[in-house]
Amino acid sequence: MKKTKQLKLKNFRAPKRNAAFSFKDDWDVLRGAVEAVLAHTPTKETLNGLSARVERNLHPSSALMYSNLKSLISAHLKNEKKKLQQCLSHTELVFIQTVAATWNTFKRDMHLIRSIFIHLNQELVATARDEQLWPMGSSLFRRIMFSEQTIHDAMVAQFLMTVTQDRNGEAADTNVLRSISTMCSELFMYKMSIEAPLEEETRKYYTREGSKLSDELKLPDFLQNANRRVGEEEFRCNTYLQSTTRENIKIIVIQTLIGANTAYIEDGFRSLMDNDDSLSLRLLYSFMRTLRQLDLFITFFKDFIKREGEAIVKTPSEDNLMVKRLVDFRTKVLRIVKTSFSSTSSHTIMSEKATECFRFFINLRANKPAELIALFLDSLLKRGFKQYSDAELHKLIDNVIEVFRFVDGKDVFEGFYKKHLSRRLILDKIASNDLEIMLISKLKQECGSDFTASLEEMFKDISISTDLTSSFKASHPEISVGLKALVLKKSTWPTIPPVNVQLPQELLTIRNAFVDFYATKHKNRLLHWQSSLSTCSLRVNFAAGTKDLQMSLYQAIILLKFNSKDTWTYSELQRETMLDDHPLRLALTSLACGKVRVLLKTPKNRHVRKKDSFKVNVSFSNERRKIKINQLQLKQTKEETEATVAKVFEDRKLSVDAAIVRTMKMRKSLLHQKLIAELMSQLRFPVRPVDLKKRIEVMLDREYMERDKDDNNLYHYVA
């Protein structure tokens with residue numbers, strides 16, 4: 001078996017000193033070398049030789065060597081300080097150039113000295129007894145050079161002055177600024193000596209500039225200048241300042257230019273929105289976000305939308321333009337939000353705020369926007385409307401639905417839309433069935449299937465009526481006069497006020513035949529004839545030729561009377577037709593005073609009176625064979641509008657009553673406030689708590705519910 005060798009560890013022993021050399025002799029050589037380095041003259045001995053002298057004197061003379069070296073460096077720095085003091089009276093950049101040069105030279109000198117005393121520095125690292133050579137040198141430089149405030153203040157003043165020159169676009173020595181900035185950072189005095197004074201000077205500089213430019217520039221130019229200034233300051237920080245300064249300086253620039261001029265910015269904000277200035281809005285949003293003042297920006301944004309929206313909605317003289325202006329304004333706001341606030345978070349925030357504002361101002365005039373939206377859609381969907389292409393029309397309808405989404409009184413819209421749709425269907429004014437179905441589909445998505453159920457039923461009635469008319473014509477070939485009968489369910493269609501009229505015998509015969517035919521198809525059903533929206537096509541023989549006149553039933557009845565008599569007075573026509581004054585006057589006005597005058601009136605004027613007489617205008621001529629005579633009775637009157645709104649309000653009462661009973665039946669017992677809250681969440685139209693309270697009282701009187709005997713605010717359902 002082999003023997004294992006043992007490894008013996010002996011205590012470390014310092015190298016033996018050569019008795020031929022002493023510390024005093026070595027130090028004299030080292031001192032001469034240090035002085036040569038500081039004086040920038042050649043040393044008498046090589047770096048390796050000097051380093052060897054340091055190494056052999058480490059034990060036990062390292063402390064003395066360190067102290068002597070520190071004294072040498074201190075003495076040198078004191079001499080350099082005197083040179084700096086002599087430069088204090090110099091103008092321009094001489095002083096800080098001298099400071100920068102002194103520091104850079106000292107750093108190079110300390111690098112060489114540390115190379116000579118590398119072994120001493122290593123011992124300082126190992127023992128941590130004293131500062132290492134470089135920290136010791138930089139501490140001495142800071143303490144000696146800047147022990148007097150005058151040197152420090154002069155350096156700071158000239159540094160700030162040079163930065164100001166750079167900001168003013170003047171020539172500036174950025175190299176010396178970078179040297180001073182780096183020096184202060186390495187001497188751990190940057191924050192106190194450079195950063196703090198620079199921030200204060202920056203605040204003063206841009207406060208002056210902001211005050212001056214806000215009086216001279218328009219807001220877009222002002223914002224561009226602020227953005228340019230922020231970029232310049234970031235470049236300065238990257239070029240000759242420290243990275244810790246960048247964010248603070250940026251915030252100060254934005255605060256003094258933007259945050260301190262909010263009144264000026266608020267005044268100019270409208271011009272940014274009016275001109276779709278997405279770039280300026282994006283800049284302003286970014287500045288406000290940096291300052292954590294987005295709430296103020298959002299306030300400007302919301303105030304603009306509300307102010308513009310109120311001007312559109314609350315101007316009755318321009319109601320005919322309201323919907324188009326709302327659509328254009330909504331499109332404009334959405335475009336601004338999309339182009340100015342592209343990030344996901346900002347886009348979401350601003351979209352929500354815009355929606356909130358639209359919902360606010362559109363409902364400032366109760367019911368009117370809903371009525372006008374229905375009227376606007378009616379104009380788009382009528383046959384003969386050719387202002388837009390199909391693609392443009394689809395896009396416009398989508399935008400109208402966007403606006404409709406903000407309307408609280410959707411039941412008011414439903415009432416008016418149903419009325420207009422009924423006229424389009426009855427008068428065959430539908431421009432496109434596909435477009436109508438598409439719109440109903442969009443309304444269903446917005447408001448639910450209950451909202452559009454009656455609208456869909458109206459189209460079904462028209463389809464069934466078409467088949468019914470075809471069947472009638474097939475079963476009555478002897479009837480030469482064309483008939484298109486529309487059989488409409490009373491529960492689905494808007495109420496049409498009945499008008500008394502005496503039909504001519506030829507029309508009575510056709511009507512009676514259809515009644516008998518319908519009775520064979522549907523027993524126990526009763527037809528109520530509505531003539532106010534009926535139309536006719538008459539072939540009339542004039543001296544200039546035969547014309548086909550398209551007109552209302554009332555106009556046709558009047559013209560047919562002239563087959564039996566050449567001249568009729570107003571009173572005679574009223575007695576024969578049994579029409580009331582209003583429909584008769586409108587019909588005669590359109591026939592005798594309109595653009596197409598097939599009747600002549602005596603006396604000749606534009607107003608129909610009871611003493612007037614009428615005869616056929618046999619000399620009537622027109623280049624067209626088919627001529628349409630305006631039907632003045634189709635124009636919606638104020639009374640009809642009020643009746644539609646009243647019908648909506650009556651339906652609202654029924655909806656509230658049904659909601660009360662439904663809720664109480666499910667809950668059995670509820671406090672008054674909880675019942676109000678439940679109803680407010682269920683009803684799809686705006687309603688005030690006071691109105692709900694009135695309907696609750698009605699339900700109590702009808703004994704659908706009762707109050708608690710001990711608590712008047714508690715209701716119980718009565719089965």
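In what follows, every heavy atom counts, from backbone to side chain, and hydrogens, waters and symmetry copies are set aside.
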Next item on the list: Carefully, step by step, assess Met145 and Met183 under the rule side-chain contact (heavy atoms from CB on, under 4.5 Å).
Entry: CA-CA 12 Å; Met145 289 296 185; Met183 177 194 74; over 6 Å; no
Check: In terms of ring plane angle, is the pair His76 and Phe106 parallel, tilted or perpendicular, where the classes change at 30° and 60°?
Finding: parallel
Note to self: Has Ser681 got a side-chain atom pairing as donor or acceptor with Glu678's backbone, closer than 3.5 angstrom?
What the structure shows: yes
Item checked: Exercise: do Thr245 and Tyr190 side chains pair donor with acceptor under 3.5 Å -> yes
Notebook entry, point to check: CG of Asp277 to OG of Ser340: how many Å apart, nearest 0.5 Å?
Noted result: 8.0 Å
Item checked: Met273 side chain reached by Phe301 side chain, heavy atoms, under 4.5 Å -> yes
Next item on the list: Step by step, work out the side-chain contact (heavy atoms from CB on, under 4.5 Å) result for Ile676 and Ile696.
Entry: CA-CA 9 Å; Ile676 294 293; Ile696 291 173; 3.9 Å; yes
Next item on the list: Apply side-chain contact (heavy atoms from CB on, under 4.5 Å) to the pair Glu233 and Lys250, showing each step before the final yes or no.
Entry: CA-CA 7 Å; Glu233 292 300 330; Lys250 176 182 177 181; over 6 Å; no
Next item on the list: Output the distance between atom NZ (Lys410) and atom CZ (Phe406), rounded to the nearest 0.5 Å.
Entry: 9.5 Å
Notebook entry, point to check: When you look at Lys693 and His672, which way does the side-chain contact (heavy atoms from CB on, under 4.5 Å) test go after all the steps?
Noted result: CA-CA 9 Å; Lys693 184 177 180 181; His672 176 78; 4.2 Å; yes
Margin query: Show the nearest heavy-atom pair for residues Ile151 and Leu88, with the distance to one decimal.
Written below: CA-CD2, 4.3 Å
Check: What orientation do Phe404 and Phe451 show, parallel under 30°, tilted 30 to 60°, or perpendicular over 60°?
Finding: tilted
Item checked: Donor-acceptor pair between Glu371 and Asn367 side chains, under 3.5 angstrom -> no
Next item on the list: Kindly give the heavy-atom pair with the smallest separation between Ile180 and Val99, and that separation in Å.
Entry: CD1-CG1, 3.8 Å
Item checked: Worked check of salt bridge (Lys or Arg N to Asp or Glu O under 4.0 Å) between Arg270 and Asp274 -> CA-CA 6 Å; Arg270 178 171 183 170; Asp274 286 339; 3.5 Å; yes
Check: Does Phe329 have its ring centroid less than 6.0 Å away from the ring centroid of Phe358?
Finding: yes
Checklist line | Phe341/Phe297 aromatic ring centres below 6.0 Å | finding: yes
Check: Between Lys204 and Glu201, does at least one N-O distance fall below 4.0 Å, as a salt bridge requires?
Finding: no
Item checked: Leu84 side, atom CG; Ile144 side, atom CD1 - distance, nearest 0.5 Å -> 12.0 Å
Note to self: Tell me the closest heavy-atom pair linking Ser138 and Leu187, and the distance in Å.
What the structure shows: O-CD2, 3.3 Å
Next item on the list: Kindly give the heavy-atom pair with the smallest separation between Ala370 and Val407, and that separation in Å.
Entry: CB-CG1, 3.8 Å
Check: Are Lys81 and Ser147 linked by a side-chain donor-acceptor pair shorter than 3.5 Å?
Finding: yes
Margin query: Does the structure place the NZ or CZ of Lys324 under 6.0 Å from the centre of the six-membered ring of Phe376, at an angle of no more than 45° from the ring's axis?
Written below: no
Check: Where does the angle between the aromatic ring planes of Phe146 and Phe141 fall among parallel (under 30°), tilted (30 to 60°) and perpendicular (over 60°)?
Finding: perpendicular
Check: Checking salt bridge (charged side-chain N to carboxylate O under 4.0 Å, His left out) against Glu402, which of Lys395, Arg330, Lys442 comes through?
Finding: Arg330
Next item on the list: Report yes or no: does Asp173 contribute a side-chain atom to a donor-acceptor pair with the main-chain N or O of Val176 at less than 3.5 Å?
Entry: yes
Check: Just how far is it from atom CE of Met110 to atom CG of Leu140, taken to the nearest 0.5 Å?
Finding: 8.0 Å
Next item on the list: Walk me through it: do Arg695 and Asp691 pass the test salt bridge (Lys or Arg N to Asp or Glu O under 4.0 Å)?
Entry: CA-CA 7 Å; Arg695 299 315 301 171; Asp691 295 327; over 6 Å; no
Notebook entry, point to check: How close do Arg229 and Arg167 get, heavy atom to heavy atom, and via which atoms?
Noted result: NH1-O, 3.0 Å
Next item on the list: List the atom of Asn121, the atom of Leu133, and the distance in Å for their closest heavy-atom pair.
Entry: OD1-N, 2.9 Å
